[in-house]
Amino acid sequence: MMKRVTIYIIAAILLSGALIVNHGRSKSESEPVPEYETVIATEEPVEVVVQPTPEPKLDYISLFVLGDNLLHMTVMNSCQQADGSYDFSHFYENLQPAISNVDIAVIGQETVFGGAELGYSGYPAFNSPSDTGVNMVNEGFDVVLHASNHVLDMGAAGAENTIAFWDNYPDITTLGINRNQEEKDTVKIIDVRGAKLAMLNYTYGTNGIEPPEGKEYLVNYIDYDKIQSDVAYAEANADFTIAFMHWGTEYSITPDESQTDLAHYMCDWGVDLIVGSHPHVIEPVEWIESENGNRMLVYYSLGNFVSGQREARNLLGGIADITLVNNGSSVSIDDYVFRPIITHYNSGLTYFAVYPMEQYTDELASVHGVANYDGPVSLARWRGMLDETFAGYDTSLFPIELNY
């Protein structure tokens with residue numbers, strides 16, 4: 001019996017050792033690798049196709065800005081009809097269909113629509129027929145600027161009557177004058193092709209005429225703190241900020257220190273584009289870049305759109321023709337042009353018209369009424385004024401489109 005037990009124990013030990021040896025073998029010493037593993041190991045690499053990131057959808061926004069609509073009595077009288085109404089529509093004939101086709105057409109209305117009851121008048125205290133506002137609507141303007149040194153020429157009544165006129169046209173965005181304090185505190189932002197554009201408008205003063213007590217909200221004046229606050233709101237709530245400035249020194253073709261200083265501050269604060277007026281002459285265009293990296297385009301002055309002034313230089317104006325691009329995440333300037341325009345009138349000051357400079361001719365210049373006051377004019381003379389104004393500025397960044 002003891003022998004058998006011993007034999008069983010020895011057999012068990014031998015069997016156990018065999019199991020231990022088998023578990024200790026390497027994979028190469030064990031059973032052959034299954035066939036499916038061999039196939040995977042020798043299979044060609046699978047080509048991974050990476051789909052290209054789609055290009056962002058670009059939306060282009062066209063902006064067309066005219067300078068000051070300055071309606072002297074000679075200009076108004078030339079537009080009066082037999083029934084006593086006024087028709088200014090022919091001023092825009094040579095600028096169509098550009099005005100009606102752009103996304104945003106802007107004009108500076110330097111004079112108020114105070115109403116016939118206040119008496120129509122020209123320099124120095126202007127009051128113009130609201131018929132010119134009707135023409136603006138019919139021509140396709142979208143934004144009208146009213147912050148100017150003449151906005152209080154007829155006192156508060158003139159500004160308030162102007163506002164009341166525009167109440168009839170709620171689709172028109174008016175800037176620079178306000179119905180109440182709430183409106184003055186509101187930054188106007190318009191939606192265009194999916195982009196939010198903030199629009200600001202300020203004047204350096206109102207010829208010493210102050211709003212009456214309790215109506216200080218009537219006019220947007222240049223005030224550094226107010227502008228900085230408005231720009232901060234625009235930066236937080238809009239994609240692009242445009243400031244229309246009524247500023248500078250009259251008849252100076254060079255921006256003065258108040259313009260350049262304020263322009264640099266506004267660039268620091270985040271403004272993307274400035275378009276100026278007031279000096280009655282054109283001034284240069286340039287890019288400004290601040291230390292914080294913001295880059296801003298500034299048209300210092302577009303001069304007059306139309307006027308009855310009697311110096312040739314005052315009859316040379318400009319159009320800011322700008323294209324913005326919206327890539328879905330930001331809005332920037334894609335292209336920009338300064339387009340010179342000429343106010344033409346006859347020797348009797350009974351007919352006025354506005355021409356893009358590329359459409360104007362020396363034949364028209366030979367009968368321009370300004371010759372009675374400032375000597376004969378020609379395309380060469382006006383071109384010389386352009387060259388003088390932009391001397392020293394980088395014209396590669398500033399294409400002047402002339403086709404003559």
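Everything numeric here is computed off the predicted structure, so don't read it as measured data.
- Residue Glu235 comes nearest to Gly270 through the heavy atom pair OE2-O, 3.0 Å, listed as atom of the first residue, atom of the second, then distance.
- Side-chain atoms of Gln359 never come within 3.5 Å of backbone atoms of Tyr355 as a donor-acceptor pair (strictly under, hydrogens ignored).
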Query raised in the report: Could you go step by step and tell me if Thr241 and Leu200 meet the side chain to side chain contact (heavy atoms under 4.5 Å, CB included) rule?
Result: CA-CA 8 Å; Thr241 303; Leu200 314 172; 4.0 Å; yes
Query raised in the report: Does the side chain to side chain contact (heavy atoms under 4.5 Å, CB included) test come out yes or no for Asp334 and Leu324, once each step is laid out?
Result: CA-CA 5 Å; Asp334 180 69; Leu324 308 179; over 6 Å; no
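- With 3.5 Å as the limit, one finds no donor-acceptor pair spanning the side chains of Asp68 and His278.
- In this structure, Asn135 and Asp87 have side chains that are in contact, with non-hydrogen atoms separated by less than 4.5 Å.
- A 6.0 Å sphere centred on CD of Glu250 holds more than 12 heavy atoms belonging to other residues, nucleotides or ligands.
- When side chains are defined from C-beta on, Leu66 counts as touching Ile319, because their heavy atoms get closer than 4.5 Å.
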**Report entry** Worked verdict on Thr162 versus Glu160 for side chain to side chain donor-acceptor pair (under 3.5 Å)
**Finding:** CA-CA 5 Å; Thr162 302; Glu160 291 171 335; over 6 Å; no
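- Judged by distance alone, with hydrogens and angles left aside, the side-chain atoms of Asn161 form no donor-acceptor pair with the main-chain N or O of Gly115 at under 3.5 Å.
- Counting non-hydrogen atoms of neighbouring residues, nucleotides and ligands closer than 6.0 angstrom, the CD atom of Glu257 reaches no more than 12 such neighbours.
- Note: His246 and Tyr204 have parallel aromatic rings, judged against thresholds of 30 and 60 degrees for the angle between ring planes.
- Atom NZ of Lys196 has 12 or fewer heavy atoms from other residues, nucleotides or ligands within 6.0 Å.
- Atom-to-atom distance recorded for Met73:CE and Ser128:OG is 9.0 Å, nearest 0.5 angstrom.
- Here the side chain of Ser366 pairs a donor or acceptor atom with the backbone of Glu363 at under 3.5 angstrom.
- Summarising the local packing, NZ of Lys215 is surrounded by 12 or fewer heavy atoms from other residues, nucleotides or ligands at distances under 6.0 Å.
- When the shell of 6.0 Å around CD of Gln81 is examined, it contains more than 12 heavy atoms from other residues, nucleotides or ligands.
- Closest approach of Pro255 to Thr260, counting heavy atoms only: CB-CG2, 4.1 Å.
- Contacts of Ser301 classified as side chain to side chain contact (heavy atoms under 4.5 Å, CB included), with partners at least two apart in sequence or in another chain: Pro279, Glu283.
- Contact record, Ile333 with Leu273: CD1-CD1, 4.4 Å, taken as the closest heavy-atom pair.
- Ring geometry for Tyr123 versus Phe126: interplanar angle over 60°, hence perpendicular rather than tilted (30 to 60°).
- In this structure, CG on Leu145 lies 5.5 Å from CZ on Phe244, to the nearest 0.5 angstrom.
- Under the 3.5 Å distance criterion, with hydrogens and angles disregarded, a donor-acceptor pair is assigned to the side chains of Thr206 and Tyr221.
- Applying the ring-ring contact (aromatic ring centres under 6.0 Å, His included) test to pairs two or more places apart or on separate chains, those with a residue in residues 248-275 are Tyr224-Tyr265, Tyr251-His280, Tyr265-Trp269.
- Side-chain atoms of Asn201 come within 3.5 Å of backbone atoms of Ala147 as a donor-acceptor pair (strictly under, hydrogens ignored).
- For the residue pair Asp268 / Asn292, no side-chain donor-acceptor distance below 3.5 Å is found, with atom types taken as modelled.
- Here Asn304 contributes atom CG and Leu315 contributes atom CG; the two are 8.0 Å apart, rounded to the nearest 0.5 Å.
- Remark: the Ser89 side chain and the Glu139 side chain contain no N/O donor-acceptor pair separated by less than 3.5 Å.
- Taking both residues in full, the closest heavy atoms of Asn94 and Val354 are given as ND2-O, 3.0 Å, listed atom of the first, atom of the second, then distance.
- Heavy-atom neighbours of Tyr233 OH from other residues, nucleotides or ligands within 6.0 Å: at or below the threshold of 12.
- Put simply, the residue from Thr203, Asp256, Ile274 that forms a side-chain contact (heavy atoms from CB on, under 4.5 Å) with Trp247 is Ile274.
- Panel note: side chain Asn326, backbone Val331; no donor-acceptor pair is recorded below 3.5 Å.
- Heavy-atom minimum distance, Lys226 versus Lys184: NZ-O, 3.0 Å.
- Between Phe113 and Pro129, the closest heavy-atom pair is CD2-O, 3.7 Å.
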Requested in this report: Go through Lys188 and Glu183 one step at a time and tell me if the side chain to side chain contact (heavy atoms under 4.5 Å, CB included) criterion holds.
Outcome: CA-CA 9 Å; Lys188 293 188 178 180; Glu183 186 170 17; 3.1 Å; yes
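- Under a 3.5 Å cut-off, the side chain of His90 and the backbone N or O of Phe352 do form a donor-acceptor pair.
- The main-chain N or O of Tyr217 is found under 3.5 Å from a side-chain atom of Asn178 such that the two form a donor-acceptor pair.
- Of the N and O atoms on the side chains of Glu286 and Tyr300, at least one donor lies less than 3.5 Å from an acceptor on the other residue.
- Applying side chain to side chain donor-acceptor pair (under 3.5 Å) to Asp374 and the options Arg381, His368, Arg310 leaves one that passes, Arg381.
- Between the side chains of Gln96 and Ser100, at least one donor-acceptor pair of N or O atoms lies under 3.5 Å.
- A side-chain donor-acceptor contact under 3.5 Å links Asp142 to the backbone of Ala105.
- Asp362 places no side-chain N or O within donor-acceptor distance of the main-chain N or O of Ser378, the cut-off being under 3.5 Å.
- Looking at Asn77, its side chain never comes within 3.5 Å of a backbone N or O of Thr74 through a donor-acceptor pair.
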Requested in this report: Starting from the C-alpha separation in whole Å, work towards a yes-or-no answer on side chain to side chain contact (heavy atoms under 4.5 Å, CB included) for Gln109 and Leu71.
Outcome: CA-CA 9 Å; Gln109 180 56 41; Leu71 301 181; 4.2 Å; yes
